[in-house]
Amino acid sequence: MSAAERPVAPRGTRDILGDEARLRAHVIATAAETFARYAYAPITTPTFEHTELFARGVGASTDIVRKEMYTFEDGGGRSLTLRPEGTAPVARAFVEHGMHKWQLPVKLWYSGSMFRYEAPQRGRYREHTQFGGEALGSPAPEVDVEVIALLADIYAQLGVPGVELRLGSMGDPESRTGHREALLGYLAGHRDDLPAESRERMELNPLRLFDAKDEPTRAVMAEAPRLLDALSPAAAEHHSAVEAGLGRLGIPFTRDDTLVRGMDYYTHTVFEFTADNLGAQSAIGGGGRYDGLIAELGGPETPGIGFGCGVDRVVEALGDAGDDVGGVEVYVAIIGDELRAELGPLVRELRGAGVRCESDLRGRGMKAMLRHAAALGVGTTVIIGEREHERGVATVRDMDTGDQREVPLAGLVEELA
Ligand code: HAM
């Protein structure tokens, strides 16, 4: 940025304004309400953590840790990282505060910015907002079912169109060890068909190749042995129980034996929700079980499961469907300075009664006030001039139809609330 240029937001970030900003607040408020109904308590963790937390928690083989972290050194020479995701911080807090002594499972939810140095495109930002929930301290498949139902309920409540759920399993360490050998054996036979990038990923974690976007790797992976077919008896039983539980709740899902998530901490259940109107970045939320994470961070063996939901993408999926959310409902147009002063308390009373309302704050005349009301998109405008005031009434105009009626001032608040 040269001195002559005006500053702009950094690449991959943006300002969120107008309808989109209102819709976003509505999405987070709806999530908050639903979390409360599922007995989740809010938690706030710092926006940055010691870099080591993500290296250990999210995993050294992941794209997030290898390429995407916003890492910096602070004035004291500590390596810190803007959080790329919310699970490792919550797990860190669980261990730090000895939450294993609380009533289990401990159910926590959060919302806030996540930072990933990714190539920006539609639906993919370098700073995005997630809300997420984590349930720590029970290995029961009922928790998996409840967590998935919770997120499905949030989407339903919001009216997100074209939502689909994919379900897979990462198994337990026993399933993984056996499958890894089979997969590496298979890949060794196809080494020459794989591009260099895939061969490199293969060394780090061969499962990640199921997530590859390039054609040669996809062709190889189409025939590769599936982890879902290699689950240990215990892992298979867990997976069936989750499927049966979702069935009982009437939550439709597709079994996906190639579902790979971006973090190394997952065990057993993994899932992803997509919306059908988003293009390439269609994942609106995802999560899974992470039974080894708390121990990995130095806590007592504690199973956990949770999800993160991409608020930016949910808002985009809602599109026009969310246009009217949270906007101004009523405009109070009072004509004349004296009357405006006298009726000042009325606007406050309306607001106190829960009506989202605005009135003029710039000494506009009647015409300009009506233009202001129209620009705000209110449904109702209340007009009070000398004439009305003397008769103790207000003119209430329906802004869509233009219909007007008179309402006694004494009953106005009740009428509009
Ligand atoms: P994740 O799948 O990486 O999972 O992120 C969750 C959601 O955040 C995604 O489904 C997507 O909607 C949104 N998202 C991710 N990256 C971006 C981006 N660059 N721009 C816009 N939206 C994005 C997690 O982060 C895990 N912590 C979820 C979890 C919680 N697993 C267990 N507990």
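Whatever order the structure lists them in is the order used to number ligands and atoms, beginning at 1.
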Does this structure show an ion pair linking E49 with R83, if we count only N-O contacts that are shorter than 4.0 Å?
no
Between the side chains of K67 and E197, is the shortest nitrogen-to-carboxylate-oxygen separation below 4.0 Å, so that they form an ion pair?
yes
Quickly, which of I383, I334, D360 forms a side chain to side chain contact (heavy atoms under 4.5 Å, CB included) with M366? Name it, please.
I383
Contacts of E68 meeting salt bridge (Lys or Arg N to Asp or Glu O under 4.0 Å) (sequence neighbours excluded), chain-then-number -> none
As a test of reading the model: which residues have a non-hydrogen atom less than 4.0 Å away from ligand 1?
E85, T87, R116, E118, G123, R124, Y125, H128, Q130, E134, R261, M263, Y265, Y266, A283, I284, G285, G286, G287, G288, Y290, G306, F307, G308, G310, R313
So does D153 pair up with R37, basic N to acidic O under 4.0 Å?
no
Check this for me: does any side-chain nitrogen of one of R208 and D264 sit under 4.0 Å from a carboxylate oxygen of the other?
yes
